[in-house]
Number of protein chains: 2
Amino acid sequence: MSDQEKNELNISTSWNAYNEQCPTRLMLNRIADKWAVLLLGLLERETKRFSTLQRETGGISQKMLTQTLRSLERDGLIQRTVYASVPPKVEYSITPLGFTLVAPLAAIRVWSETHIEEVLAAQSAYDKAQDSEKQQPNVRKIVFN
Amino acid sequence: MSDQEKNELNISTSWNAYNEQCPTRLMLNRIADKWAVLLLGLLERETKRFSTLQRETGGISQKMLTQTLRSLERDGLIQRTVYASVPPKVEYSITPLGFTLVAPLAAIRVWSETHIEEVLAAQSAYDKAQDSEKQQPNVRKIVFN
DNA sequence: TCCCAATAGTTACTATTAGTAAGTAGGAAC
DNA sequence: GTTCCTACTTACTAATAGTAACTATTGGGA
């Protein structure tokens with residue numbers, strides 16, 4: 001029985017992202033990455049060109065765009081097609097494997113967008129508490145047991 | 001109507017992670033992070049101590065553990081409780097807000113664990129193709145249009 | 001004829017971030 | 001009085017990300 005078959009049957013395998021030696025840890029590193037999340041989100045619906053991806057992903061440099069696209073291609077998540085035209089034309093599209101990752105990644109992007117106000121409020125509260133602790137140290141959050 | 005109410009009604013707001021100036025971009029940066037994914041996964045079920053979190057998260061240093069926990073606390077995703085005992089005892093637990101993020105993050109961890117074999121295969125194929133391209137450059141993946 | 005525009009990069013350099021290893025506190029046990 | 005415990009800091013180094021300038025190719029315009 002392959003590991004994949006075991007996974008489908010929900011039998012635990014050796015794959016475990018909490019183990020630093022496991023290849024899944026490297027994978028988590030790759031996909032738990034802001035540029036990967038944003039780029040796969042853009043390619044979810046349609047094929048796009050290099051320059052379009054750069055324009056639509058605010059703040060990404062050419063270097064990071066190339067680097068991230070190259071990694072995603074190597075991992076089999078996107079496909080790169082070069083057209084022999086001048087000026088050059090290179091199109092990127094999502095693969096079936098990449099498509100299985102779109103929904104999970106979209107979920108965390110959407111989470112950011114829907115919960116940002118609660119997070120900003122928590123940050124303000126934390127910073128305020130930090131300030132008052134500077135005046136009166138060690139009076140907060142300590143439990144005497 | 002608040003942005004959150006708009007979000008609940010699925011009305012588009014100004015929040016957009018593709019805009020580099022948007023606070024949601026910073027948020028995406030925080031949660032699209034391997035240590036955050038792993039730590040929130042550990043805290044999903046139970047409160048844990050600093051040393052336990054370090055033991056269960058392979059390869060994390062004390063510095064990164066402190067740093068990541070501090071960020072998650074500031075963002076309101078986890079809670080930190082200090083007990084006035086010797087030796088010190090500090091417990092970390094997930095907040096209701098953090099709990100809403102557990103499932104999305106678990107999904108990408110699980111994706112890594114269930115699709116790793118396909119990714120490893122894609123990587124081998126890519127590396128092999130790269131090698132053969134070195135022998136015969138520019139014969140692959142180019143479309144003449 | 002010479003120069004510029006357009007696309008998809010690469011490269012060299014700098015800044016930021018992550019990782020490593022050693023140090024700190026304060027009391028309890030030996 | 002020396003060591004141990006936990007949960008950190010801090011100083012230093014290594015790796016990664018960001019910035020900006022450079023490249024190839026060729027069609028079109030002055």
Side-chain angles (χ1 to χ4, degrees), chain A residues 20-21 25-26 28-30 32-39 42-43 47-74 78-93 130 133 137-138 141-145, chain B residues 20-21 25-26 28-30 32-39 42-43 47-74 78-93 130 133 137-138 141-145:
Chain A
E20 133 179 66
Q21 310 299 325
R25 168 65 72 83
L26 284 174
L28 188 60
N29 258 312
R30 284 277 169 71
D33 168 77
K34 68 177 167 194
W35 299 132
V37 170
L38 294 171
L39 291 173
L42 286 176
L43 295 174
T47 290
K48 284 177 192 277
R49 298 181 62 173
F50 185 89
S51 52
T52 308
L53 290 170
Q54 187 173 23
R55 199 173 346 101
E56 295 181 352
T57 307
I60 196 169
S61 65
Q62 291 186 315
K63 180 185 138 186
M64 285 311 292
L65 182 54
T66 305
Q67 216 170 87
T68 308
L69 290 172
R70 212 54 52 87
S71 291
L72 294 174
E73 187 195 2
R74 190 171 102 97
I78 64 173
Q79 209 199 329
R80 177 173 180 268
T81 310
V82 181
Y83 294 87
S85 58
V86 172
K89 181 179 171 183
V90 180
E91 282 189 343
Y92 293 90
S93 57
Q130 287 298 103
E133 185 149 7
N138 294 326
K141 286 190 292 188
I142 295 179
V143 177
F144 297 90
N145 61 338
Chain B
E20 133 179 68
Q21 310 299 326
R25 168 66 72 83
L26 283 173
L28 188 60
N29 257 313
R30 284 276 169 71
D33 169 76
K34 67 178 167 195
W35 300 132
V37 170
L38 294 171
L39 290 173
L42 287 176
L43 295 174
T47 290
K48 284 177 191 278
R49 299 181 62 175
F50 185 89
S51 52
T52 309
L53 290 170
Q54 186 173 23
R55 199 175 343 101
E56 296 181 352
T57 307
I60 197 169
S61 65
Q62 290 186 315
K63 181 185 138 187
M64 285 310 293
L65 182 54
T66 305
Q67 217 170 86
T68 308
L69 290 172
R70 210 54 50 87
S71 291
L72 294 174
E73 187 196 2
R74 190 171 102 98
I78 64 174
Q79 209 198 330
R80 177 173 179 267
T81 310
V82 180
Y83 294 86
S85 58
V86 173
K89 181 178 172 184
V90 180
E91 281 189 345
Y92 293 91
S93 57
Q130 286 298 102
E133 184 151 8
N138 294 327
K141 286 190 294 187
I142 295 180
V143 177
F144 296 90
N145 61 339

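Just so it is clear, the structure is predicted and the values come from calculations on it, not from any experiment. The chains referred to below are lettered A, B, ... by the order of the sequence lines, with proteins before strands, and numbering in each begins at 1. Excluded from the calculations below are hydrogen atoms, water molecules and symmetry mates; all remaining heavy atoms, backbone and side chain alike, are included.
- Taking the side chain as every heavy atom from C-beta outward, B:Leu69 and B:Phe50 approach each other to under 4.5 Å.
- Each end of the helix from C:dT1-D:dA30 to C:dC30-D:dG1 gets its own axis, taken as the rotation carrying the C1' atoms of four end pairs onto the next four within a five-pair window, and the two axes meet at 30° to the nearest 10 degrees.
- We find that CD of A:Gln62 is positioned 12 Å from C1' of C:dA6, with the value rounded to whole Å.
- Put simply, the side chain of B:Leu28 reaches to within 4.5 Å of the side chain of A:Leu38, judged on heavy atoms.
- Taking for each of B:Thr52 and B:Lys63 the nucleotide of DNA chain D with the nearest heavy atom, the 5'-most of the two is the partner of B:Thr52.
- Remark: A:Arg70 is in phosphate contact with C:dG9, judged by side-chain N or O atoms under 4.0 Å from OP1 or OP2.
- In this structure, A:Leu53 and A:Leu43 have side chains that are in contact, with non-hydrogen atoms separated by less than 4.5 Å.
- Between B:Lys89 atom NZ and C:dG27 atom P there is a gap of 19 Å when expressed in whole angstrom units.
- Separating the CD1 atom of B:Ile60 from the C1' atom of C:dA18 is a distance of 11 Å, rounded to the nearest angstrom.
- Among residues two or more places apart in sequence or in another chain, the side chain to side chain donor-acceptor pair (under 3.5 Å) test is passed with B:Glu91 by B:Tyr83.
- Here C:dA8 presents its C1' atom at 8 Å from CZ of A:Arg80, a figure rounded to the nearest Å.
- At whole-Å resolution of the value, CG in B:Asn29 and C1' in C:dA18 are 14 Å apart.
- Among the atoms of the strands shown, base atoms are found under 4.0 Å from some heavy atom of A:Ser61.
- Separating the CG atom of A:Leu69 from the C1' atom of C:dG9 is a distance of 11 Å, rounded to the nearest angstrom.
- With a 4.5 Å cut-off on side-chain heavy atoms, A:Arg70 and A:Gln67 do not count as touching.
- Of the inter-residue distances, the one linking A:Thr68 atom OG1 with A:Lys63 atom NZ reads 10.5 Å to the nearest 0.5 angstrom.
- C:dA18 atom P lies 12 Å from atom CG of A:Asp33, rounded to whole Å.
- Side-chain N/O atoms of A:Arg49 include none lying less than 4.0 angstrom from OP1 or OP2 on C:dT7.
- Here the C1' atom of nucleotide C:dA15 and the CE atom of A:Met64 are 14 Å apart, to the nearest Å.
- The side-chain heavy atoms of B:Arg80 and B:Ile78, taken from C-beta on, include no pair separated by under 4.5 Å.
- When each of A:Phe50 and B:Gly59 is assigned the nucleotide of DNA chain C with its nearest heavy atom, A:Phe50 is the one assigned upstream, toward the 5' end.
- Under the 4.5 Å side-chain criterion, counting only non-hydrogen atoms from C-beta, A:Thr52 is not in contact with A:Leu42.
- Of the candidate nucleotides C:dT11, C:dG26, C:dT20, C:dG26 has the atom lying nearest to any side-chain atom of B:Val86.
- In this structure, A:Ala36 and A:Arg30 approach most closely via the heavy-atom pair CB-O, 3.7 Å.
- Contact annotation: A:Arg55 does not reach the phosphate of C:dT7 (side-chain N/O to OP1 or OP2, under 4.0 Å).
- One finds a side-chain N or O of B:Gln67 lying less than 4.0 angstrom from the OP1 or OP2 phosphate oxygen of C:dA18.
- For C:dG19, one of the phosphate oxygens OP1 or OP2 lies less than 4.0 angstrom from a side-chain nitrogen or oxygen of B:Lys34.
- For C:dT17, the OP1/OP2 oxygens have no side-chain nitrogen or oxygen of B:Trp35 closer than 4.0 Å.
- Between A:Thr57 and A:Leu65, every side-chain heavy-atom pair lies at or beyond the 4.5 Å cut-off.
- In summary, contact between chain A and DNA chain D, defined as any nucleotide atom under 4.0 Å from a heavy atom of the protein, begins and ends at D:dA17 to D:dT26 in the 5' to 3' direction.
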